[in-house]
Every structure is written in structure tokens, then in C-alpha cells.
Number of protein chains: 2
Amino acid sequence: MTANSHPHSEPGCRAVSEVLSRVGDKWTVLIVKSLQAADEDGRRFNDLKRDIGGISQQMLTRTLRSLERDGMVARTVHPTVPPQVEYRLTDLGNSLAVPVMALADWTFENMELIHANRSAYDELANAA
Amino acid sequence: MTANSHPHSEPGCRAVSEVLSRVGDKWTVLIVKSLQAADEDGRRFNDLKRDIGGISQQMLTRTLRSLERDGMVARTVHPTVPPQVEYRLTDLGNSLAVPVMALADWTFENMELIHANRSAYDELANAA
DNA sequence: CGGCATCCCGCCGGATACTG
DNA sequence: CAGTATCCGGCGGGATGCCG
């Protein structure tokens, strides 16, 4: 940790917030999870698209590019006809998956409670 | 866990993604961290605003409302003149803070690497 | 097959002004 | 002090079409 100050400093928290935005992006978790399941083999573009379901080509491309830029995902092009492109998680991507999945587990465990809280809150709002 | 299927199922992952969007929101982490520092005492609206810095009243209000709706934050109004409103994390909010801070630590540890990756990526893009 | 370019709409989020 | 209301620019993200 050679960066300035500690993880809970003001600027540090900003940076955390920024990366969390990437992780918290609508599609990132789904993509990371799909790539994690594929493991070493990697996964091709349209396989990824099918596996995730409901994502547009554009958003899949955009999100993969962002992840690639951050070094989370490796992109390998096989110059065949038709072209083949494989995506797989890098070591960095795999290490990210650990805390992300921990958060995912927390979410899953508390999901019902959260939804119940929302319902209760909305009901009170409607009563007024 | 009485919800359908396991944490890594398709619909489960969707739900996770949804809640991660709340957590990954631009301001949520900063707010949660500030409230966590205040602990039992809670924190008042403008104190929160000052402590975070750079957030507009509107977004502070909006984000606090969302967190309150999800049951992460408790809002207490003291009917004095001028009015006082205290915000503090609920048990749910505090339990969320655990995996979130783990993710924050990961981010902090890998921040330099990520930025280096971005620079390298952008440089290659410019070369073309 | 695996993209990139374009159009378009909705909401995120900032700035400002007003209220109890 | 702690909001709500309004305006508005920007971008997230879907649909479609074209290309190597």
C-alpha cells in the first residue's frame, strides 16, 4: 500500500466508491459470474450473451471493455473464419470475485428482509 | 434462506445485482462510512453533508431515503425548533458494512494496479 | 461471429430556489 | 435546520443497422 493514507481516508473512500460503481454496474456481476463458471476455458462472446440473457450486444461489449481496461478480464482473439474471441477472468478478476461473492451472499441472505422493509415503507408512504 | 434456489442461481444473481446497484451508488458508501464512524450517536443532516463533502442536499436526501426504505438507516426526528433529524445505521446497515468494507479494502489494495492497467490500456488505444 | 456506429429515451444527479 | 420542487444537461442503456 504505497498510495496516500489508509483505506478509510476521504480520498481513499472516493476511489473505493469509483471502483464500486464498476462492480455495482448493472451487468458486471453477471458477467464475472459467468466467466468464473467458465474458469480456464474462457467463454466466447455470444456464449456469454446467451448465458447471461437479456443483455444487449452493446452493453456486453462496453462492460467487457471496461473490465478489460481495468485488467479484470483477458480478451483473446483467434484469427479464424469466422472469428473467435475468448474472454476469461485474470488473476485480478478472480481475486475481485472473492469479496464480490461475499457481498452477493450477504445480499442473498438479507434479500427477503430488504424487500419486506421496502413493502412496509411504501405502505406507510401510501397511507399518508 | 427460504427464497427460491441458491445464491448463485440466475434470478438470485439478478437480485444481487440490484442490491449491488444500491451499494455501488455514487454516494452510498460515503454515507454508510460516515454513519458508521458516528456509531450510536447518529449524525444530523448537515453534519453528514459537511462530513461527506461535495454532495448536494438533494442527493443526500434521496440516498438517505433509499437506505431508510431498505431498512439500512434509521431516521429520528426531534420536534424542536429548529428541527433536528438524526440518522444512524440499523443492525442491517451495520451488517452490510462488513462485506462492503471488505470490498473497499480489496479496492484499496488493488487500486494502483487497476490504474496502471488503465493507463497501459489507454496508451495502446492511442497508439492505434 | 463479434463487433462498432447511430438514434433515442429515460433517469441520474447537479444547481438553484422556495418552505415549515 | 432539513428538507421539497423545478429545471436541465449528461450518460446509461435498449434497438437497429452495417462491417470485417
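Chain identifiers are assigned alphabetically (A, B, ...) following the order of the sequence lines, protein sequences preceding nucleic acid strands; residue numbering begins at 1 within each chain. What you see below is based on every heavy atom in this structure, not just the backbone, and it leaves out hydrogens, waters and symmetry mates.
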Student: Within the distance-only criterion (no hydrogens, no angle test), does the side chain of A:Asp25 pair as donor or acceptor with the backbone N or O of A:Trp27 below 3.5 angstrom?
Tutor: yes

Student: What nitrogen or oxygen pairs link the protein and nucleotides 3-10 of chain D at under 3.5 Å?
Tutor:
unit_1	atom_1	unit_2	atom_2	d
D:dG3	OP1	B:Arg65	NH2	3.1
D:dG3	OP1	B:Arg75	NE	3.3
D:dG3	OP1	B:Arg75	NH2	2.5
D:dG3	OP2	B:Tyr87	OH	2.4
D:dT6	O4	B:Gln58	NE2	2.8

Student: Applying side chain to side chain contact (heavy atoms under 4.5 Å, CB included), run through A:Thr28 and A:Val100 and close with a yes or a no.
Tutor: CA-CA 11 Å; A:Thr28 300; A:Val100 167; over 6 Å; no

Student: Would B:Val23 and B:Ile52 show up in the same hydrophobic cluster when neighbours are defined by side-chain heavy atoms closer than 4.5 Å?
Tutor: yes

Student: Is it the case that B:Tyr87 and B:Arg43 place a side-chain donor and acceptor less than 3.5 Å from each other?
Tutor: no

Student: With hydrophobic residues grouped by side-chain heavy-atom distances under 4.5 Å, do A:Leu67 and B:Tyr121 end up in a single group?
Tutor: no

Student: Is B:Met101 linked to A:Val98 within one hydrophobic cluster, defined over Ile, Leu, Val, Met, Phe, Trp and Tyr using a side-chain heavy-atom separation of less than 4.5 Å?
Tutor: no

Student: To the nearest 10°, let me know how far the axis at one end of the helix from C:dC1-D:dG20 to C:dG20-D:dC1 is tilted from the axis at the other, five pairs an end.
Tutor: 40°

Student: Answer yes or no: does a side-chain N or O of B:Lys49 lie under 4.0 Å from OP1 or OP2 of D:dC1?
Tutor: no

Student: Just so I know, are the side chains of A:Arg65 and A:Arg75 near enough to count as touching, which here means a heavy-atom distance under 4.5 Å?
Tutor: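 Touching, per the 4.5 Å side-chain cut-off.
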
Student: Where does the chain A footprint on DNA chain C start and end, counting 5' to 3' with a 4.0 Å heavy-atom cut-off?
Tutor: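 Contact boundaries, 5' end first: C:dC1 to C:dT6.
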
Student: Hey, does B:Ile55 have a side-chain heavy atom less than 4.5 Å from the side chain of B:Leu60?
Tutor: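 Yes - at least one pair of side-chain heavy atoms lies under 4.5 Å apart.
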
Student: Can you tell me how far P of D:dG12 sits from NZ of B:Lys26, to the nearest Å?
Tutor: 11 Å

Student: Send over the distance from A:Arg22 CZ to D:dG12 C1', rounded to a whole Å.
Tutor: 12 Å

Student: Quick check against the 3.5 Å criterion: does B:Ser34 have a side-chain atom that pairs as donor or acceptor with the backbone of B:Leu48?
Tutor: no

Student: Does the B:Thr90 side chain pair with the main chain of B:Ala74, one donor and one acceptor, at a distance under 3.5 Å?
Tutor: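 No; zero donor-acceptor contacts below 3.5 Å.
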
Student: Check the distance between D:dG13's P and A:Trp27's CH2 and give it to me in whole angstrom.
Tutor: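 Distance, rounded to whole Å: 9 Å.
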
Student: Whole-Å distance between D:dC1 C1' and B:Arg43 CZ?
Tutor: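 Taking atom C1' of D:dC1 as the reference, CZ of B:Arg43 is at 17 Å.
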
Student: So among B:Arg22, B:Glu68, B:Gln58, which one has a side chain to side chain contact (heavy atoms under 4.5 Å, CB included) with B:Thr63?
Tutor: B:Arg22

